[in-house]
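For the numbers below, each heavy atom of this structure counts, side chains included, while hydrogens, waters and symmetry mates do not. All values reported here derive from a predicted model rather than from experimental measurement. Whatever order the structure lists them in is the order used to number ligands and atoms, beginning at 1.
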Amino acid sequence: MTPPSTSPATASERFRHRHLLGIEGLKADEITYLLDRAESYVAQNRQAGTRLSLLRGRTLMNLFFESSTRTRMSFELAGKRLGADVINMSVEGSSIKKGETLMDTAMTLNAMRPDVLVVRHSDSGAVALLAQKVSCSVINGGDGAHEHPTQALLDALTIRRRKGRIEGLVVTICGDISHSRVARSNIQLLNIMGAQVRVVAPPTLLPPMVERLGVEVYNDMRRGLAGCDIVMMLRLQSERMNGSYVPSLSEYFHFYGLDRAKLAVASPDALVMHPGPMNRGVEIDTDLADDIDRSAIAEQVEVGVAIRMACLEALMAHLPSIAPQESRP
Ligand code: CP
């Protein structure tokens, strides 16, 4: 099947990076380019039997040191739909369990000559460090509380599809801002694209000097939600917490869980989003999460595959081309 094409030269001119380590450093035109390319893949993915040959002869390795359902699976699907060979490394069954370090693991995989490594790690900055040591492209699948760039891109595409634009919208991000790489990547992307960003959380779940990120800060959820166009809910990321940050889960839901009563103060057509995984009854009411008229959660997952296809395509444009006889024996 023929891909919805841009030439490699155009792609490398329009997305000027060999790695995708974060939203930081991207320009608005590069983000728009990825969203536009992903949009064409959304349509393509809805057709049966979509397997393109754009990445035929290329190898993608997924290297996830933290658990994942959406990101890992959608990168696997994205790679396969573009014709790449995809390998998932299981940390549990690897030599990491024998004490091999992240860098030694990365160098070992690099020696097998993959074209792209998708890496998730619990330490902020680990993926960028790894990218300095390898010769292939690296995509950050989430590093600590730092960045999760493909999540922010798929969120942006979801918003653009539902609202027709990003610029000028009021986006309220609620929940555990402190420990959230999703929040950090989204705040940067939304600011680059001209949205107005608010964050809502108890003081214990806000990072120091959070307003320096370019957001309005609220502790009262109803004030933070008033008139907003988009509500992004975040879960409590207990895997990154030392100690207790909220008095109890039921009290947290009372003050910071999204339900219909609180959503009523937002714009009448405000869209509800969540990157997943959700903790129903903690940060979001289950009835609202499943309301297909208000919730875009399933669409976020769907367009996540298309965004990852667009990112792989953009990075591959920077790799040396494969000789026809090598790729098509
Ligand atoms: N949103 C997200 O990153 O989900 P996973 O942890 O399932 O990949």
Side-chain angles (χ1 to χ4, degrees), residues 20-24 34-35 38 42 60-81 86-92 116-127 138-159 161 171 173-190 199 205 230-241 258 271-280 282-284 289-290 295-312:
L20 178 58
L21 301 175
I23 297 299
E24 186 179 8
L34 291 176
L35 300 187
V42 173
L60 181 161
M61 288 184 180
N62 276 322
L63 179 55
F64 279 57
F65 292 87
E66 280 188 339
S67 52
S68 168
T69 298
R70 292 151 203 75
T71 312
R72 193 179 66 78
M73 296 291 284
S74 59
F75 266 114
E76 180 170 358
L77 203 47
K80 286 179 173 171
R81 287 199 174 149
V86 182
I87 296 168
N88 295 303
M89 199 191 92
S90 157
V91 170
E92 282 306 307
V116 60
L117 277 176
V118 182
V119 185
R120 172 172 285 188
H121 199 276
S122 57
D123 292 344
S124 299
V127 183
V138 176
I139 298 179
N140 183 359
D143 64 322
H146 178 227
E147 282 241 33
H148 190 351
T150 57
Q151 179 69 45
L153 288 162
L154 75 86
D155 290 340
L157 183 59
T158 306
I159 294 171
R161 288 171 63 84
V171 182
I173 307 175
C174 308
D176 181 2
I177 309 296
S178 228
H179 301 98
S180 176
R181 54 197 176 208
V182 174
R184 272 171 191 73
S185 288
N186 262 303
I187 289 167
Q188 293 190 70
L189 185 149
L190 291 164
V199 294
L205 293 176
I230 307 288
V231 187
M232 272 187 200
M233 298 307 301
L234 301 174
R235 75 182 167 90
L236 294 170
Q237 285 138 103
S238 49
E239 71 273 25
R240 284 195 273 283
M241 290 182 183
L258 187 68
L271 194 63
V272 175
M273 300 176 66
H274 194 305
M278 281 185 281
N279 289 138
R280 293 167 181 262
V282 178
E283 76 273 6
I284 189 165
D290 296 334
S295 163
I297 296 169
E299 185 170 342
Q300 287 173 266
V301 177
E302 181 188 357
V303 306
V305 178
I307 276 291
R308 281 145 187 150
M309 291 169 81
C311 292
L312 290 172

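- By the 4.0 Å heavy-atom criterion, G142 is excluded from the residues contacting ligand 1.
- Near T69, the atoms of ligand 1 lying under 4.0 angstrom from a non-hydrogen atom of the residue are 5 (P), 7 (O), 8 (O).
- A donor-acceptor contact under 3.5 angstrom links the side chains of H274 and E283, judged on distance only.
- Comparing heavy-atom distances from atom 5 (P) of ligand 1 across S68, S67, P275 singles out S68 as nearest.
- Scanning the protein heavy atoms around atom 7 (O) of ligand 1, the nearest turns out to be R70 NH1, 2.6 Å.
- Defined by atom type and a distance below 3.5 Å, a donor-acceptor pair is present between the side-chain atoms of S185 and E147.
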Checklist entry - Can you list the steps and then say if N88 with E76 is a side chain to side chain donor-acceptor pair (under 3.5 Å)? => result CA-CA 8 Å; N88 295 303; E76 180 170 358; 2.8 Å; yes
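- Contacts between E66 and ligand 1 below 4.0 angstrom, taking non-hydrogen atoms only, are absent altogether.
- Among protein heavy atoms, atom 6 (O) of ligand 1 sits closest to R120 NH1, 2.9 Å.
- Close approach to G276 involves these atoms of ligand 1, each under 4.0 Å from a residue heavy atom: 1 (N), 2 (C), 4 (O).
- For H148, the closest heavy-atom approach to ligand 1 falls below 4.0 Å.
- Counting heavy atoms from C-beta outward, V138 and V118 have side chains that stay 4.5 Å or more apart.
- A side chain to side chain donor-acceptor pair (under 3.5 Å) with H148 is found for exactly one of R120, R184, R181, namely R120.
- Not one N or O of P277 is nearer than 3.5 Å to an N or O of ligand 1, by distance alone.
- With hydrogens and angles ignored, the 3.5 Å screen pairs a side-chain donor or acceptor of S295 with a backbone N or O of A289.
- Formation of a donor-acceptor pair under 3.5 Å by the D143 side chain with backbone atoms of G125 is found in this model.
- Distances below 4.0 Å separate heavy atoms of Q151 from the following atoms of ligand 1: 1 (N), 2 (C).
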